[in-house]
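Input: a single structure, listed below in structure tokens.
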Amino acid sequence: MYKIINKEVLAPTVKKIDVEAPLIAGKTRPGNFIMLRINENGERIPLTVADYDREKGIITIIFQEVGYTTRLLGQLEKGDFIKDIVGPLGQHMDMEGYDKVVCLGGGSGTALLYPKVKGFYEKGAEVIAITGARTKELLILEEELAKISHRLYIATDDGSKGHHGFVTDILAEILEEEEIDLVVAIGPVPMMKAVSDMTRPYGVKTIVSLNSLMVDGTGMCGGCRVTVGGETKFTCVDGPAFDGHQVDFEELMNRLNFYNEEEKMVNKKEVSD
Amino acid sequence: MPVVRKRVPMKNQPPDERIKNFKEVPLGYNKKEAIKEAERCLQCKHSPCVSGCPVNVPIPRFIKALRENDIKGANRIIKSKNNLPAICGRVCPQENQCEKVCVLGQKFEPVAIGRLERFVADLILEQEKNNNSGEKTVTDGDNISTNSDSRDRVAVVGSGPAGLTAAADLAKEGFKVTVFEALHDTGGVLRYGIPEFRLPKSILDQEVENIKKLGVEFKLNVIIGKTITIDELFEDGYKAVFIGTGAGLPLFLNIPGENLNGVYSANEFLTRVNLMKAYKFPEFKTPVKVGRRVAVIGGGNVAMDAARTAKRLGAEKVMVVYRRSEEEMPARNEEIEHAREEGIEFILLSSPVKIHGENGLVTALECIKMELGEKDKSGRRRPIPVEGSNWNMKLDTVIVAIGQTPNPLLTSNSRGIETESWGGIKVDENLSTSRQGVFAGGDVVTGAATVIEAMGAGKKAARSILEYLRSDNKDK
Ligand SMILES: Cc1cc2nc3c(=O)[nH]c(=O)nc-3n(C[C@H](O)[C@H](O)[C@H](O)COP(=O)(O)OP(=O)(O)OC[C@H]3O[C@@H](n4cnc5c(N)ncnc54)[C@H](O)[C@@H]3O)c2cc1C
Ligand SMILES: Cc1cc2nc3c(=O)[nH]c(=O)nc-3n(C[C@H](O)[C@H](O)[C@H](O)COP(=O)(O)OP(=O)(O)OC[C@H]3O[C@@H](n4cnc5c(N)ncnc54)[C@H](O)[C@@H]3O)c2cc1C
Ligand code: SF4
Ligand code: SF4
Ligand code: FES
């Protein structure tokens, strides 16, 4: 059992929790994730470790409520327990050796982006962060990102704050005008695909973090497989970060939709209960 | 006494009923049947059956005790060699082991050793369950050494049959044992792989409880190599480590179309159903999809389990596609028989070459016919593709059950543990790895094998660890 010792609502459907998990906190590096199961009949779902405090033995998770499990997680309060958490999983991200990095986050992807922005910043790179959401109220982590980046751009689809349009519009301008070593994009699959397509002609290395469906998260089921550079990889052990120019995004999108009916069914059932 | 040619039949749940539930298929002997079957044993002096068993269960001795209605005695004799008889009695490939060399089997049907073992073990487990007084029962108590000279700590990695056995044996020797398990539940393949209808999980639960009673501590959700390293185990004061992490990495066919929706590894399919209980969806939240027509690729126990599970989840047509002939199929005979009774079809001498799809979903499997050629290294005839014999079958689901290799998560994150090119951990005759104080056994050493071999390795490793810790090695 893993205790929630703090909870914060960042946006109507985006929540941040601090959980006591000393062993995981002791080992996590930026880019790692955990698998959690809320209760006995729950699903195992993957979530990024957004931040960690080795001394206090705490990991921070920021999640968006998109379906049954994340919504249930959102209902837990400070003092409640999560049944199972295992980690840290996946490859951590190497952050050394870059001079100038652009980090883009869309939607709850911003949460996943946070540890990377922080990591590059601490390693001394010049960090440009771009975050976006549909509308102002859904923007998260603005202040936090401002503190750990050299420049922060904001985009909203409806123009209620910052640039009126997509995060990729801002990236397009930067790519035209500046020398960039690395682009890191985390968010909905179409956004990661758009970013990868945009950087390809400039030859700028682009890293995306994939959100494949997972069961175990340890390489045991193969359910998370993706095609990268023509080869099958397991997102949970070989990733979750991959070279965006090599990823077969069409396949990823297709695989993410496999259980749509079942997910709807679980959601509906819970609402009517 | 005249020789009885045929074994006492065991009752099974009828096929048309059992394909609608996940309850156990073979119902086991009752006492009368068990004693009748036990009486068939010739009590051979040289008892070849004993050497046919990988852990040398003293078969004639336990059968004799059973015949005399001394169930506790029979249990004690079995348990001297086999910690998990209720499990082995159900899942051992007896026809290739103890029963293969039974003297009676040369002319008639061999003694049903596995069924007798199961009968004894089940009866004892039943008694233990009813015996809630907390008093020590035969199963856990009998050889705890109370005057142990040490309470050294030993770490066991993985809670499959190898790990469970090593842990129990070491605890009985007085060591303080901690089992670290990556998943949120114990048992390894016994939990996530072998389905409920073949091995009821209540049996596994009870065995794990018994091991806990010996003082073994289980730490779930800990991945050694990730959450804690081997180095840290030693720093924490563990004096020796046993690695029983199994062969959990699924192999794929590497043919076009394998990443379409509707293609599963058997591991994923069975884990969703067994560990995550997708067969109780939506009460349990993990979904699984089978569709109407399912092909399972492979011919081992894993393939049979996947096929029979798909049937129970409502598939109309389930086919096992295997590239050799039935004779070469590695699955237990009983499972093949049961699968056939349940309406599973066998498409033999066929090998998949491509999976076809539409809109991202599987629509058909393209196979090529095979012929059997010369014998290969394994002694089985090698399948050779017949040029131009390709054909398609319409499908919704393909389950790939062509084997597993050891998961590199531990070895790639630990120093000094040498592995074979295929990922198995290298060990010497004492199951000691290249790193001092670290032992390994079970599927992680042999590649995918059997429950009883993994158990045997756990036992052997426990003995080696005992010797290692009682000698001065550890102080070097
Ligand atoms: C490595 C990794 C890190 C992630 N980190 C974060 C994070 O930090 N914050 C965050 O908000 N989200 C994160 N996600 C996504 C998160 O796992 C899903 O949103 C979550 O599983 C949805 O579950 P649900 O039951 O609430 O929704 P459902 O109704 O089950 O599904 C809604 C959506 O989530 C996807 N999904 C469902 N089950 C799984 C599963 N077992 N594994 C992966 N995706 C699934 C579905 O494709 C669907 O698009 C991460 C995903 C991965 C692979
Ligand atoms: C579907 C299926 C059906 C089978 N049917 C039969 C049968 O009928 N008869 C038979 O004899 N054999 C059968 N087998 C084979 C048999 O189950 C295995 O040979 C046996 O379970 C191997 O035991 P083990 O202890 O070595 O490993 P496993 O049972 O694989 O257990 C290993 C455990 O270690 C854990 N682990 C792995 N890595 C780590 C880590 N880094 N840290 C912590 N924990 C870790 C795993 O999660 C797992 O729980 C079957 C196998 C399968 C998959
Ligand atoms: S453990 Fe397996 S091989 Fe040994 S006697 Fe029992 S059933 Fe036979
Ligand atoms: S070989 Fe067969 S008949 Fe002989 S002792 Fe063993 S089980 Fe009995
Ligand atoms: S989630 Fe099972 S192998 Fe990646």
Side-chain angles (χ1 to χ4, degrees), chain A residues 2 21 23-24 26-28 32 34-45 67-69 72 83-90 213 215-227 231-232 234 237 248 250-259 261-263 265-270, chain B residues 181-185 192-193 219-223 225-229 232 245-252 254 258-272 275-278 280-289 357 359-361 400 404-410 412-413:
Chain A
Y2 300 78
L23 291 177
I24 301 172
K27 281 287 160 27
T28 301
N32 286 142
I34 50 109
M35 297 286 300
L36 66 75
R37 191 176 72 137
I38 297 177
N39 55 30
E40 196 53 47
N41 48 6
E43 247 192 302
R44 291 168 68 101
I45 63 159
Y68 175 74
T69 306
L72 188 64
K83 187 145 183 18
D84 302 296
I85 302 185
V86 67
L89 301 167
L213 297 189
V215 182
D216 58 297
T218 63
M220 184 189 97
C221 75
C224 64
R225 59 199 190 279
V226 288
T227 303
E231 266 181 67
T232 294
F234 289 3
V237 288
D248 183 342
E250 300 292 326
E251 182 186 274
L252 175 66
M253 267 185 262
N254 180 52
R255 290 185 66 79
L256 282 170
N257 289 331
F258 189 43
Y259 290 107
E261 281 165 50
E262 285 78 7
E263 282 156 7
M265 187 171 156
V266 169
N267 277 320
K268 224 188 269 137
K269 194 176 168 296
E270 295 307 318
Chain B
E181 168 57 52
L183 292 172
H184 59 249
D185 210 344
Y192 75 74
K219 290 200 189 258
L220 306 175
N221 296 319
V222 178
I223 305 172
K226 285 280 191 181
T227 322
I228 304 179
T229 61
E232 286 169 325
T245 48
L249 193 74
L251 295 175
F252 283 92
N254 295 317
E258 217 168 6
N259 292 346
L260 286 164
N261 283 343
V263 184
Y264 290 97
S265 74
N267 267 7
E268 180 185 355
F269 184 70
L270 292 169
T271 301
R272 282 180 180 271
L275 179 72
M276 304 309 296
K277 304 205 172 67
K280 296 186 186 164
F281 182 85
E283 181 198 344
F284 283 73
K285 307 302 173 197
T286 305
V288 70
K289 264 200 213 294
N359 303 323
L361 279 168
V400 182
Q404 297 96 236
T405 56
N407 191 327
L409 220 46
L410 187 150
S412 63
N413 289 301

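The sequence lines fix the lettering, A, B, ..., with proteins before strands; numbering per chain opens at 1.
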Decide yes or no for A:R225 and B:V263: does some side-chain heavy atom of the first lie under 4.5 Å from some side-chain heavy atom of the second? yes

Decide yes or no for A:M220 and B:L249: does some side-chain heavy atom of the first lie under 4.5 Å from some side-chain heavy atom of the second? no

Going from [atom1] on [X] to [atom2] on [Y], what distance comes out if it is rounded to the nearest 0.5 angstrom?
X	Y	atom1	atom2	result
A:E40	B:E283	CD	CD	10.5 Å
B:L260	A:E251	CG	CD	8.0 Å
B:M276	A:D216	CE	CG	10.0 Å
A:N39	B:K285	CG	NZ	8.5 Å
B:N407	A:T218	CG	OG1	5.5 Å

Given heavy-atom pairs under 4.5 angstrom as the criterion, report whether the side chain, backbone, both or neither of A:R37 touches chain B. side chain

Segment of A:E262 engaging chain B (4.5 angstrom heavy-atom cut-off): both

Taking every non-hydrogen atom, the tightest pair across [X] and [Y]:
X	Y	value
B:L361	A:F258	CD2-CE1, 3.9 Å
A:L23	B:T227	CB-CG2, 3.7 Å
A:N254	B:N359	OD1-O, 3.8 Å
B:V222	A:V86	N-CG2, 4.5 Å
B:N221	A:K83	ND2-O, 4.5 Å
B:L183	A:R44	CD2-NH1, 4.0 Å

Considering only heavy atoms and a distance below 4.5 Å, find which of A:V237, A:I85, A:T227 pairs most often with chain B. A:I85

Residues forming a side chain to side chain donor-acceptor pair (under 3.5 Å) with B:S412, sequence neighbours excluded: none

Residues in ring-ring contact (aromatic ring centres under 6.0 Å, His included) with B:Y264, at least two apart? B:F269

If you count heavy-atom pairs under 4.5 Å with chain A, which of B:E232, B:K277, B:Q404, B:K280 comes out on top? B:E232

Ranked by heavy-atom pairs below 4.5 Å to chain A, first place among B:E258, B:K226, B:R272, B:K289 goes to B:K289

